[in-house]
Structure formats: structure tokens, C-alpha cells
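When a ligand or atom number is given, it counts from 1 through the structure's own listing order.
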Amino acid sequence: MKIVVTGGAGFIGANFILYWMEKHPEDTIVNFDALTYAGNLESIRAVEKKSTYSFVQGNICDVDAVSSVLKGVDTVVHFAAESHVDRSIHDPANFIKSNVLGTQVLLDQSVRLGVKRFHHISTDEVFGSLSLAENTRFSEDTRYDPHSPYSASKAGSDHLVRAYFHTFGLPVTITNCSNNYGPYQFPEKVIPLAITNALEDKKIPVYGDGLYVRDWLHVEDHCRAIESVLEKGTIGETYCVGGLTKDISNIEVVKKILHILGKNESLISFVADRPGHDRRYAVDWTKIQKNLGWSPRFDFDTWLADTVKWYKDNEAWWKHVKSGEYKEYYDRQYNPKT
Ligand code: NAD
Ligand code: TYD
């Protein structure tokens, strides 16, 4: 099988390529990525010399580049996107371009070239926010109610994917997953940001009251879920994917990280809240469990500690990433002049 992975130089895409090539050595993988600030080929060094792997630098908004890379391809696994909520507040336009227009270009070319499966990676953030008071969870039947430019752009892309299934018969599947954590995550996201700041004895910014809740999914559990959907999923269907955490707040996550590293809680710094900050995410993964036999295996405490260890052991990876463009972003986000 020939698979094009879009966004394979990003956090989840890179983990997916490493996972898939190990489990399915007979398949050929083409990694199609624009190498934005979030793309890092160092994450996939382990496979770059394999004859079944190749990298093509290109933008999913570029019709010619997409049409050329999709020729003769069986499956597209579409990760490429602008993925950080805070950046979407600074610059929504980029999110609409990559996440909405880019997805539409990929869908058009997939129809034209007869791609046999288009799997779209989406987020639980399209469903909006849950309250702390209720024990509710997002499921495949939850109404879309995105609140940030990021989640609105991902919602737009989900609707397009379903429209191409209904209108053009493109064989699609979608997964809406919760917050991922694990190796190779860009340190703008809260877990690697907290780990790497703590390792450098820098303050860890916690937004608002720190009582916001995310549903943490280990990236390998996510890769296993995508594998289940590619192998056993029903065309046209959506599957919600979540982790093993039980309503853990951001402040608890940060304290766990400090505890693992033996660092003092005085590193915590409460900062101004994110505009439109969603209070709580939680995912009901009953459908994928019942229909495809998938359930998460990676418990949060063990694998958070493993993730912390990975960042400790791979300082060169994140030190490199934290220089350059990221420094400018960090100052704009956390030390604005006005
Ligand atoms: P990431 O930001 O780490 O990586 C995104 C990758 O896409 C980068 O390699 C970047 O270069 C590439 N890219 C961006 N725009 C592109 C374009 N126009 N053309 C080609 N390549 C482009 O993101 P991630 O965290 O790995 O997320 C991957 C996917 O999973 C995204 O679609 C995201 O919405 C979704 N998702 C992520 C999470 C999470 O917790 N990280 C949770 C739910 C869903
Ligand atoms: P993030 O990792 O940006 O993912 P998302 O916004 O997609 O859920 O943020 C996770 C949670 O952590 C979210 O509630 C916002 C919060 N957060 C902080 O408190 N401080 C930070 O510096 C960042 C980046 C996030």
C-alpha cells in the first residue's frame, strides 16, 4: 500500500510514520509537509534512509504539488494543519488557508486521482466546551460549536471531508481526538512547554485559574486508533478518540511534571487567561471501542513520566526547536510590550 502522510514532520504525523513503518514495513510512505515552524525532519531521522520512505516538501494549498504527490496513492492520512490555538488568536488567516483551503485542495485531488481512502485527523475542540459541573463527554453525536479560530477552521475541514463523501463518493473516515502528549511535541503546547521550561528553571505560564481540563491521549494510543480506523473503520464514519485521564486540571498536570523533575512549585506563574478559553474537554470513546476494539492503553502517570524522560534525554531536539522563530513567538505570547 502507498500512503501519503500530510504533516509528517509535525508532532503526531512524525509519531505516526515511525509507528506505521515499524508495524507495516511492506507499505510505502510519502511524507508531504511544508516545513512550517512546526515541521522538523529531525523527528523522523530514524526512517529517512529506508527505501520505503520519502519526503516531499510542499504545501497542501498548492494544487500542482498536491496533484503530483497523490498520483498512484492508495491512502491519504491528513495531519497537516496549523495546530496551536494561541497562534490562531494572533493570526486566524493562516489557519483558514492551511486547515480549510488546504484540506479542500487535498480532497479535490483525491477525488480526481481516485484515492481509495482519505483519513482526516481532527480534534475534539470542534465540539466547543464542557462545564466543570457536569459529568458529560463529547461523542460522535455532539453538535459542532467551535470557539477559537483554530477549532472553527478544523470544524470547516471536517464538514468539507463529509461533503466530499456525500457529494463525490470519496471514501473518507474521520477521527476527532483529544489533546495528545508524548515525544516530539513542539514546546508551544502546554506539556512540553512546562517540561522544557522546568528543565531550564524558567517560569511555567499557567493561564487564568489553572482549573481548565483536557483529556490527555498518549500519541501512540492515537496512532493505534488511526490504525484501527484504517484497517477496520466504516467508510463515511467518524470516531472519537480519547485517553485515560479523568478530568485532570492544567495546574495538576504542571505540578505532576515539577514533581517528576524534583523542581519547586515556585516555578509556576499564573498569567492572563487565553481569550475564549474552553473550560473542559472530555471524550467518550465507546464507539471506536465497541465497533473496532480499540481502547487507550497508556495511563497518564506512567506515560507523562516517560514523556518527561524523553525531553530530558533529547535536549538537543528541543533546544534547537526553541531557538529562532519560537523565541519571537514566546515573547509575543508571554511578554507582550503593550
Ligand atoms: P503540528 O503543528 O506539530 O504539525 C503540523 C505539521 O503540518 C507540521 O509539520 C507543518 O509543517 C505541517 N503543515 C502545516 N501547514 C501545512 C501546509 N499548509 N501544507 C503542508 N504542511 C503543513 O501538529 P500536530 O500536533 O502534529 O497535529 C497534527 C494534526 O492533529 C492536526 O490536524 C491537528 O489539528 C490534529 N490534532 C492535534 C492534537 C494535539 O494535541 N496535538 C489534538 C487533536 C487533533
Ligand atoms: P494547549 O497545549 O495549547 O492545547 P489546547 O489549547 O489545544 O487544549 O493548552 C492545553 C491547556 O493548557 C489549555 O487549557 C491552555 C493551557 N495552557 C496554559 O495554561 N499555559 C500555556 O502556556 C499554554 C500553552 C496552555
for atom 42 (C) of ligand 1, nearest protein heavy atom and its distance come out as Ser178 O, 3.4 Å

Of all the non-hydrogen atoms in the protein, which one sits nearest to atom 4 (O) of ligand 1, and at what distance? Gly10 CA, 3.3 Å

Begin from the C-alpha positions of His78 and Phe118 and carry the test side chain to side chain contact (heavy atoms under 4.5 Å, CB included) through to its verdict. CA-CA 7 Å; His78 176 34; Phe118 186 98; 3.9 Å; yes

Among the heavy atoms of Ala14, does any lie under 4.0 Å from an atom of ligand 1? no

Protein contact to atom 22 (C) of ligand 1 [nearest heavy atom, distance to 0.1 Å]: Ala80 CB, 3.7 Å

Ring-ring centroid check Phe186 Tyr37, cutoff 6.0 Å: yes

Using 4.0 Å as the upper bound for N to carboxylate O, is an ion pair formed by Glu82 and Arg87? no

Mind checking whether Trp317 and Tyr184 have parallel, tilted or perpendicular rings, split at 30° and 60°? perpendicular

Give the residue and atom name of whichever protein heavy atom lies nearest to atom 44 (C) of ligand 1, and the separation in Å to one decimal. Ser122 O, 3.3 Å

Does Glu82, backbone or side chain, put an N or O under 3.5 Å from an N or O of ligand 1? no

Thr123 heavy atoms, cut-off 4.0 Å: which ligand 1 atoms fall inside? 43 (C), 44 (C)

What pairs meet the ring pair (Phe, Tyr, Trp, His ring centres under 6.0 Å) rule with one or both residues in residues 219-262, with sequence neighbours excluded? none

Within the distance-only criterion (no hydrogens, no angle test), does the side chain of Asp273 pair as donor or acceptor with the backbone N or O of Asp209 below 3.5 angstrom? no

Atom 38 (C) of ligand 1: of Asn179, Ile12, Val219, Thr6, the nearest heavy atom sits on Ile12

Which residue holds the protein heavy atom closest to atom 25 (O) of ligand 1, what is that atom called, and what is the gap in Å? Phe11 CD2, 3.7 Å

Are any of the N/O atoms in Ala34 less than 3.5 Å from those in ligand 1? yes

Looking at non-hydrogen atoms alone, which of Tyr281, Tyr150, Phe79 comes nearest to atom 34 (O) of ligand 1? Tyr150

Using only atom types and a distance under 3.5 Å, with no angle test, would you say the side chain of Asn291 pairs donor to acceptor with the backbone of Gln289? no

side-chain hydrogen bond (donor to acceptor under 3.5 Å, both in side chains) between Glu188 and Tyr326, worked out: CA-CA 8 Å; Glu188 65 189 351; Tyr326 181 69; over 6 Å; no

Can you check whether Asp33 has an N/O within less than 3.5 Å of an N/O in ligand 1? yes

Looking only at protein heavy atoms, which one is nearest to atom 23 (O) of ligand 1, and how far off is it? Ser83 OG, 3.2 Å

Would one find an N or O of Asn180, backbone or side chain, under 3.5 Å from an N or O of ligand 1? yes

Polar contacts were defined as any N/O atom of the residue lying under 3.5 Å from an N/O atom of the ligand; does this apply to Ile60 and ligand 1? yes

Kindly determine whether Asp108 and Tyr164 satisfy side-chain hydrogen bond (donor to acceptor under 3.5 Å, both in side chains), including the steps that lead there. CA-CA 8 Å; Asp108 266 350; Tyr164 274 68; 2.7 Å; yes

Give the atoms of ligand 1, by number and element, whose distance to some non-hydrogen atom of Leu35 is under 4.0 Å. 11 (O)

Given the side-chain rings of Tyr212 and Tyr207, with only the six-membered ring counted for Trp, is the space between their centroids under 6.0 Å? no

What is the closest protein heavy atom to atom 43 (C) of ligand 1, and at what distance does it sit? Cys177 SG, 3.2 Å

Say whether Gly102 and ligand 1 are in contact under the criterion: heavy-atom distance to a ligand atom below 4.0 Å. no

Does any N or O of ligand 1 fall below 3.5 Å from an N or O anywhere on Phe32, backbone included? no

Quick check on Asn135: does its CG atom have over 12 non-hydrogen neighbours (other residues, nucleotides or ligands) under 6.0 Å away? no

Under 4.0 Å from any heavy atom of Lys154, which atoms of ligand 1 are there? 31 (C), 32 (O), 33 (C), 34 (O)

Atom 10 (C) of ligand 1: nearest protein contact (heavy atom, Å): Thr36 OG1, 3.3 Å

Evaluate the ring planes of Tyr334 and Tyr330, with Trp represented by its six-membered ring, and classify them as parallel (under 30°), tilted (30 to 60°) or perpendicular (over 60°). tilted

For His320, does the NE2 atom sit with more than 12 other heavy atoms under 6.0 Å from it, leaving out its own atoms? no

Just do the side chain to side chain contact (heavy atoms under 4.5 Å, CB included) check on Asp278 and Arg214 with the steps written out, would you? CA-CA 9 Å; Asp278 288 337; Arg214 296 296 181 263; 4.1 Å; yes

Of Gly13, Ala81, Gly39, which has the heavy atom at the shortest distance from atom 14 (C) of ligand 1? Ala81

Could you tell me whether Lys203 atom NZ has more than 12 heavy atoms of other residues or ligands within 6.0 Å of it? yes

Closest by any non-hydrogen atom to atom 16 (C) of ligand 1: pick that one out of Ala65, Gly58, Ser98. Ser98

When you compare ligand 1 with Asn40, is there at least one nitrogen or oxygen pair between them that comes in under 3.5 angstrom? no

Test side-chain hydrogen bond (donor to acceptor under 3.5 Å, both in side chains) applied to Thr103 and His120, step by step: CA-CA 9 Å; Thr103 300; His120 178 60; 5.0 Å; no

Tell me, please: is Gly8 in heavy-atom contact with ligand 1, that is, under 4.0 Å? no

Keeping Arg279 on the side-chain end and Leu130 on the backbone end, is there a donor-acceptor pair under 3.5 Å? no

Between Lys263 and Asp201, is there a salt bridge with N-O shorter than 4.0 Å? yes

Under 3.5 Å, N or O to N or O, is Asn59 touching ligand 1 that way? yes

Write out the protein residues near ligand 2, meaning a non-hydrogen atom under 4.0 Å from one of its atoms, in order of chain and number. His84, Val85, Asp86, Glu125, Asn179, Glu188, Lys189, Val190, Pro205, Val206, Tyr207, Tyr212, Arg214, Asn250, Arg274, His277, Tyr281, Tyr334

Chi angles and distances behind the side-chain hydrogen bond (donor to acceptor under 3.5 Å, both in side chains) call for Lys287, Thr238: CA-CA 9 Å; Lys287 175 177 172 181; Thr238 293; over 6 Å; no

Polar contacts were defined as any N/O atom of the residue lying under 3.5 Å from an N/O atom of the ligand; does this apply to Glu188 and ligand 1? no

